[in-house]
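One structure follows; several queries about it will come next.
Below, all heavy atoms of this structure are taken into account, side chains as well, without hydrogens, waters or symmetry copies. Numbered from 1 within each chain, the chains take letters A, B, ... in sequence-line order.
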Number of protein chains: 2
Amino acid sequence: METGRSTRAVMALRDRILAGALPPGERLFEVALAEELGISRTPVRSALAALEQEGLLERQHGGGYAVRCFSFQDVADAIELRGVLEGTAARLAAERGVTSRDLDAMRRLLAALDRAVDPESYDFASYQSLNAEFHEALAALPGSQILRAEISRAGRLPFASASAFLQSQQAVPAFHRSLIAAQAQHHSIVEAIAAREGARAEAVAREHARQARGNLRYVMFKDRSLIDQVPGLSLVVE
Amino acid sequence: METGRSTRAVMALRDRILAGALPPGERLFEVALAEELGISRTPVRSALAALEQEGLLERQHGGGYAVRCFSFQDVADAIELRGVLEGTAARLAAERGVTSRDLDAMRRLLAALDRAVDPESYDFASYQSLNAEFHEALAALPGSQILRAEISRAGRLPFASASAFLQSQQAVPAFHRSLIAAQAQHHSIVEAIAAREGARAEAVAREHARQARGNLRYVMFKDRSLIDQVPGLSLVVE
DNA sequence: AAAAGCATAAATGTATACATGAGCCTGTCA
DNA sequence: TGACAGGCTCATGTATACATTTATGCTTTT
């Protein structure tokens with residue numbers, strides 16, 4: 001198990017940032033963090049650098065880091081970006097073709113997701129993990145390491161990940177309907193890829209991501225009590 | 001002037017990697033590099049981490065770094081990725097609209113590029129820097145910090161940047177014709193943005209990037225003597 | 001002879017001490 | 001009273017010493 005101090009520091013700081021314990025804009029000092037975490041400055045430094053790459057911190061003028069601030073538009077753009085990249089994965093998979101083995105795997109995931117959303121056998125926890133699996137498998141489908149890495153990066157910003165709003169959705173009225181709609185899009189994407197319909201696969205994957213934009217609007221403007229349920233949304237300042 | 005040892009180490013190592021002094025797959029040792037550069041391990045470590053983020057190095061199993069190997073397909077994918085992202089910038093600029101101030105700036109760049117490609121006043125050096133300016137301005141056009149940063153990242157891999165193949169193109173027969181074709185695409189992109197034609201702007205920007213794919217094929221399969229003129233192409237192994 | 005386990009050496013991970021530089025406060029001079 | 005200069009302080013950048021882990025090779029045992 002990889003349990004280096006540096007890794008632990010990254011996790012601890014990430015948790016604190018996302019929990020809102022470190023408010024957006026707050027400057028972070030190496031010595032203070034080191035004492036707080038009971039380790040030396042060295043792993044703290046590498047953790048800060050890692051979190052900057054992750055997009056949670058930004059360098060201050062003249063050295064040092066601060067917790068990053070995001071605008072509503074930033075979050076919307078990050079979601080759009082993920083959609084564009086996942087759409088590219090879907091299109092390339094369609095254009096280049098996929099092995100029947102990979103296609104079967106996608107269809108098995110679809111079937112499992114079907115069971116998870118079915119009112120008869122509804123299982124939210126399963127849906128959550130299966131949804132993440134589906135999106136990871138999709139990213140890997142065209143067989144491009146470069147694209148896969150970039151999609152993974154785009155989902156690092158917590159509010160931009162494929163399952164960022166799932167938790168909060170549970171509390172909204174039309175929740176189950178939106179789950180069903182999303183699952184229908186999953187089916188369309190796989191069908192398009194199987195039929196080598198690149199443009200369709202790309203368009204549906206993009207639109208699929210944009211569902212999150214609607215959820216974002218709901219959380220930010222209709223029911224702000226849900227903000228705490230979406231990881232990283234505490235970093236959004238107006 | 002920012003002349004920290006860490007920054008210097010990044011530049012020195014990047015140069016050596018791109019120059020082929022450190023062959024792809026080669027493992028890098030901190031102590032050796034530190035002695036070679038006449039500095040301590042600390043800035044070397046941060047430089048290695050930075051170059052990993054840049055995509056030039058990859059972590060070895062169990063710690064340590066090695067010079068990254070790329071396949072032909074990797075390079076093609078990186079180019080496609082840049083095209084997708086620049087296409088997104090073009091589309092969003094068209095959809096969201098741009099200020100007349102920004103539009104004028106783009107048109108001034110176009111006019112300057114026109115002069116640079118005109119046989120009467122041909123100036124390759126000008127074209128090179130103006131082309132880079134054009135692509136940077138395009139990335140900034142939709143006003144999205146997130147997208148701009150991601151486009152910048154995509155161009156970090158040296159062979160995926162917008163001007164990666166310019167130098168090598170000088171030596172190919174149909175060089176000047178391809179420059180004129182590229183410039184025509186620049187015009188189309190700006191025209192589409194001005195007319196709020198998002199789909200067109202995106203499609204043309206993508207196709208524009210794909211010119212690099214043609215150049216890549218030429219360099220790799222038709223005239224490998226040009227490989228040294230494209231930064232980073234020495235990292236491609238079959 | 002082959003496989004497993006231990007020992008050893010070398011690399012990375014971590015801690016700490018030292019150097020440097022930027023920001024700020026104060027005091028003095030115009 | 002305002003502005004500039006000088007020094008002080010604190011945070012980051014760097015060097016080095018120490019700890020830990022990993023890989024390799026040799027020995028031993030089956």
Side-chain angles (χ1 to χ4, degrees), chain A residues 1-17 20-69 149 156 235, chain B residues 1-17 21-69 149 156 235 237:
Chain A
M1 179 132 180
E2 182 190 16
T3 175
R5 283 161 163 70
S6 191
T7 309
R8 282 189 173 284
V10 171
M11 295 190 300
L13 291 177
R14 189 194 292 124
D15 287 348
R16 291 180 198 207
I17 292 170
L22 301 171
E26 173 123 332
R27 170 96 183 260
L28 297 184
F29 300 98
E30 297 174 1
V31 280
L33 294 174
E35 283 176 15
E36 208 172 319
L37 299 174
I39 58 181
S40 77
R41 274 179 58 210
T42 309
V44 171
R45 277 179 71 80
S46 85
L48 291 174
L51 289 169
E52 186 207 359
Q53 285 304 323
E54 206 168 307
L56 261 44
L57 301 180
E58 60 187 359
R59 293 196 77 92
Q60 291 291 81
H61 174 72
Y65 297 91
V67 179
R68 190 162 165 197
C69 302
R156 285 267 210 304
L235 302 180
Chain B
M1 178 128 182
E2 183 191 16
T3 174
R5 284 162 164 66
S6 193
T7 309
R8 282 189 174 283
V10 171
M11 294 191 300
L13 291 177
R14 188 195 293 124
D15 286 349
R16 291 182 198 207
I17 293 169
L22 302 171
E26 173 124 332
R27 173 98 182 259
L28 297 184
F29 300 100
E30 296 175 359
V31 279
L33 294 174
E35 284 177 15
E36 209 171 317
L37 299 174
I39 57 181
S40 78
R41 274 179 57 211
T42 308
V44 171
R45 277 179 72 80
S46 83
L48 291 174
L51 289 169
E52 185 205 1
Q53 285 304 324
E54 208 169 308
L56 261 43
L57 301 180
E58 60 187 359
R59 292 195 78 91
Q60 291 291 82
H61 173 73
Y65 297 92
V67 179
R68 190 161 164 201
C69 302
R156 283 268 209 307
L235 302 180
V237 297

- Message: If the condition is salt bridge (charged side-chain N to carboxylate O under 4.0 Å, His left out), which residues does B:R16 pass it with, not counting sequence neighbours?
- Response: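 B:R16 satisfies salt bridge (charged side-chain N to carboxylate O under 4.0 Å, His left out) with B:E36 once adjacent residues are dropped.
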For nucleotides 6-11 of chain D, tabulate all protein N/O to nucleotide N/O atom pairs closer than 3.5 Å, reporting atom names and distance.
none

Distance-only donor-acceptor pairs under 3.5 Å for side chains of residues 26-33 of chain B, two or more places apart:
{"from": "B:E30", "atom 1": "OE1", "to": "B:R41", "atom 2": "NE", "distance (Å)": "2.9"}
{"from": "B:E30", "atom 1": "OE1", "to": "B:R41", "atom 2": "NH2", "distance (Å)": "2.9"}
{"from": "B:E30", "atom 1": "OE2", "to": "B:R45", "atom 2": "NH1", "distance (Å)": "2.9"}

- Among residues 37-51 of chain B, which residues get a heavy atom nearer than 4.0 Å to DNA chain D? B:I39, B:S40, B:R41, B:T42, B:P43
- Task: Could you say whether A:H61 or A:R5 is positioned toward the 5' end of DNA chain C, judged by the nucleotide with the nearest heavy atom to each?
- Result: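 Final value for this comparison: A:R5.
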- Task: Considering non-hydrogen atoms only, spot the tightest contact between B:P23 and B:V67 and give its length.
- Result: O-CB, 3.5 Å
- Terminal contacting nucleotides, 5' and 3', DNA chain C versus chain B (heavy atom, 4.0 Å):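 Result: C:dA11 to C:dT14.
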- Message: Based on the rotation axes of five pairs at each end, what angle does the helix from C:dA1-D:dT30 to C:dA30-D:dT1 bend through, to 10°?
- Response: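 The end-segment axes of the helix from C:dA1-D:dT30 to C:dA30-D:dT1 are tilted 10° relative to each other.
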- Spatial distance of atom CG (B:L235) from atom SG (B:C69) [nearest 0.5 Å]: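 Those atoms lie 8.0 Å apart.
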Pairs of donor and acceptor atoms involving the side chains of residues 48-59 of chain A, under 3.5 Å and at least two apart or interchain, shall be tabulated with distances.
{"from": "A:E54", "atom 1": "OE1", "to": "A:R14", "atom 2": "NH2", "distance (Å)": "3.2"}
{"from": "A:E54", "atom 1": "OE2", "to": "A:R14", "atom 2": "NE", "distance (Å)": "2.7"}
{"from": "A:R59", "atom 1": "NH1", "to": "A:Y65", "atom 2": "OH", "distance (Å)": "2.9"}

- Please name the pair of heavy atoms, one in B:L13 and one in B:A47, separated by the smallest distance, quoted to 0.1 Å.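 Shortest heavy-atom separation between B:L13 and B:A47 comes out as CD1-CB, 4.3 Å.
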- Item | For A:S6, all residues meeting side-chain contact (heavy atoms from CB on, under 4.5 Å), sequence neighbours excluded | A:P43, A:S46
